[in-house]
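Since the structure comes first, as C-alpha cells, the remarks are kept for the end.
Each ligand, and each atom within it, is numbered from 1 in the order the structure gives. Since we're looking at a predicted model, the values are computed, not measured. Residue numbers start at 1 and run along the sequence shown.
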Amino acid sequence: MILNKSQIDAHNEKGLAKHKKGFDYVSGIIPDAEGIIKKLTDFQVAIPSWALGSGGTRFGRFSGGGEPSTLEEKIEDIGLLHQLNRSSGAVSLHIPWDIPTDAKAIKNLAADFDLKFDAMNSNTFQDQKDQKLSYKFGSMQHVDKGVRQQAVDHNIEVIKYGQELGSTSLTVWLADGSSFPGQLNFRNAFNNTLESLQSIYSALPDDWKIFVEYKAFEPNFYSTTVGDWGQSLLYANKLGEKAYTLVDLGHHLPNANIEQIVSLLLNEKKLGGFHFNDSKYGDDDLTVGSIKPYQLFLIFKELVEGMDARGLNHATDLGWMIDASHNIKDPLEDLLQSVEAINLAYAQALLVDSKGLNEAQLNNDVAGAQEILQDAYRTDLRPVLAEARLRAGAALSPLQLFREEKIRQQLIGKRGEKTVATGL
Ligand code: LRH
Ligand code: MN
C-alpha cells in the first residue's frame with residue numbers, strides 16, 4: 001500500500017486544530033450534524049475502472065504518467081482513493097476493458113482495500129479485434145439478428161464475470177442510433193432493442209438489477225435508440241421489476257431539468273442509479289460539481305425527498321457511480337474532487353428544512369421556499385465532511401495529503417511515464 005495509517009494520522013494531527021474550530025462552529029449552527037455524519041459514513045460512491053488514466057478526445061491525449069496498466073493496479077488506485085476519503089468503497093468494471101482473468105484473486109485484492117464491486121458495464125459500442133460481426137450500425141437495434149445475438153451473448157458473459165466478483169447489477173449503455181435521416185426505422189430499432197434486452201433480462205440472476213442508461217447524442221448525431229429518460233423508462237417498464245433507468249448527468253440536452261427527471265423516475269420506482277459527472281455543453285465527463293454545483297445540490301434535494309417519501313435506504317437502494325474522463329487533470333485528484341462534491345451536495349440536501357419547505361410550497365411562498373433551499377446550499381458543510389472522514393480513519397484533506405505524499409510521483413517511479421490505462 002502506497003499510503004499507511006501513520007501518514008494519514010500525521011496529516012490529520014497537523015490540521016486538527018483548524019478543523020476542530022470549523023467543525024465546532026458549523027455543528028453549533030445546524031440542527032443535526034451527527035445525523036449527517038452517520039449518513040455520509042454509510043454513503044459510498046463507486047469509482048469507474050475506466051477513468052483511472054488520462055482519457056483523450058479525437059483531438060489528442062496527454063498522458064499524466066504512472067497510470068495503472070493492469071486491473072490489479074486499478075484496484076490499488078481505487079483502494080488508495082478509499083484510504084484517503086473512506087467514501088470510495090466500490091468499483092464499477094467495464095468489460096472487456098477490465099476483464100478479471102483471475103476473479104478470485106481480484107475479489108481478494110479488492111477486499112484487502114475494503115472495496116466491493118458495483119454495477120458491471122457491457123460494451124457493444126466498439127468492435128473487439130476477435131469479434132465476428134461489427135457494431136458499426138448498432139448492436140441490439142441491428143437489422144441483422146446475428147449481430148443482436150452477439151450483443152446479447154456479450155452481456156450474459158458480463159453478468160457471469162459480475163457474479164464471480166459479487167456484483168449484483170448490469171449497466172447497459174447503447175451507442176445505437178443513426179446519424180442521418182432515413183438511415184434507421186425507429187420502430188424496428190426500438191422493437192429489436194427491446195427483444196435483445198428481454199433476452200438479457202431473462203438471463204439475469206434473481207437478485208440482480210439491470211440499468212438502462214440513456215443518452216441524447218454521440219456517437220450518433222441524428223437519433224439515439226435509448227435517447228432520453230422517457231425511452232429508458234419505456235424499456236424498463238416493458239422489461240420488468242428488475243429493470244431500472246440510469247441517469248448519467250452528461251447525457252441530457254442543454255437546459256434539461258435533471259432534478260425534475262430524477263424526482264419523477266423515483267416516483268415511478270424506476271430510478272436505478274447515477275453516473276455522476278459535470279458538463280457545460282455535451283457529454284463532457286468533467287469533475288462532478290465543477291460547472292453546475294447548484295444543479296447537483298437540487299438533484300440531491302429531490303433524491304433525499306423522494307427516497308425518504310418511499311422509505312428507501314440512501315446508501316444501498318440506488319447505484320451511486322462516477323463516470324468521468326480526465327483530459328488535463330490528474331485522474332486521482334479529479335476523482336477525489338468528484339467524491340467530495342457528491343458528498344457535499346448530499347450533506348446540503350440532508351440539511352434542507354423539508355418541513356419548512358413543504359409549508360412554503362403549500363402557501364405558494366415562492367421567495368420563502370428559495371430562502372430555505374439556499375440556506376442549506378450556502379451553509380459550508382465541508383468541516384462536517386472532514387469530521388466524517390476523521391472518524392472513519394481517512395484524511396482531513398485527501399487531495400492535500402495526495403500531494404504532500406507526492407503519490408503521483410511515486411506512481412510514476414513505480415510504473416513509468418508512458419503506461420496507458422484501458423478505458424476512456
Ligand atoms: C457513455 C457512457 C457509458 C459508458 C461510457 C464509458 O457516454 O456514459 O456509461 O459505458 O460512458
Ligand atoms: Mn455513463
Return yes or no for this condition: an N or O of Lys215 is under 3.5 Å from an N or O of ligand 1. yes
Using heavy atoms and a threshold below 4.0 Å, how should the contact between Glu218 and ligand 1 be classified: side chain, backbone, both, or neither? neither
Go through ligand 1 atom by atom and flag the ones less than 4.0 Å from a non-hydrogen atom of His275. 9 (O)
Ala216 and Thr224 have their tightest heavy-atom pair at O-OG1, 3.1 Å
I'd like to know whether the aromatic ring centres of Phe180 and Tyr222 sit less than 6.0 Å apart in this structure. no
Smallest heavy-atom separation, Val352 atom then Ala376 atom, equals CG2-CB, 3.7 Å
Opening angle between OD2 in Asp248 and OD2 in Asp323, taken at the Mn ion (ligand 2), to 10 degrees: 90°
Protein heavy-atom partner closest to atom 4 (C) of ligand 1 - residue, atom, separation in Å: His94 NE2, 3.7 Å
Does the gap between the ring centers of Tyr135 and His142 come in under 6.0 Å? no
N/O to N/O below 3.5 Å, does that happen between Trp97 and ligand 1? no
So, regarding Trp173 and ligand 1 (criterion: nitrogen or oxygen to nitrogen or oxygen, under 3.5 Å), is there a contact or not? no
Using a strict cut-off of 4.0 Å, indicate which atoms of ligand 1 neighbour a heavy atom of Asp283. 7 (O)
Taking the six-membered ring for Trp, are Trp97 and His94 parallel (under 30°), tilted (30 to 60°) or perpendicular (over 60°)? tilted
ND1 (His275) to the Mn ion (ligand 2) to OE2 (Glu213): angle, nearest 10 degrees? 90°
Report yes if some N/O of Asp323 lies less than 3.5 Å from some N/O of ligand 1; otherwise report no. yes
What atoms in ligand 1 come closer than 4.0 Å to a heavy atom of Trp50? 6 (C)
Only one of Phe211, Tyr214, Phe125 forms a ring-ring contact (aromatic ring centres under 6.0 Å, His included) with Trp173, so which one is it? Phe125
Compute the ring centroids of Phe297 and Tyr294, then answer whether they are less than 6.0 Å apart. yes
Within a distance under 4.0 Å of any heavy atom of Asp248, pick out the atoms of ligand 1 and give their elements. 8 (O)
Is Asn121 in contact with ligand 1, taking contact as a heavy-atom separation below 4.0 Å? no
What closest approach, in Å, do Glu72 and Ile106 show between heavy atoms, and which atom pair accounts for it? OE2-CD1, 3.5 Å
May I ask you to list the atoms of ligand 1 that are less than 4.0 angstrom from any heavy atom of Glu213? 2 (C), 3 (C), 8 (O), 9 (O)
Under the 6.0 Å and 45° cation-pi test, does Lys242 pair with Tyr201? yes
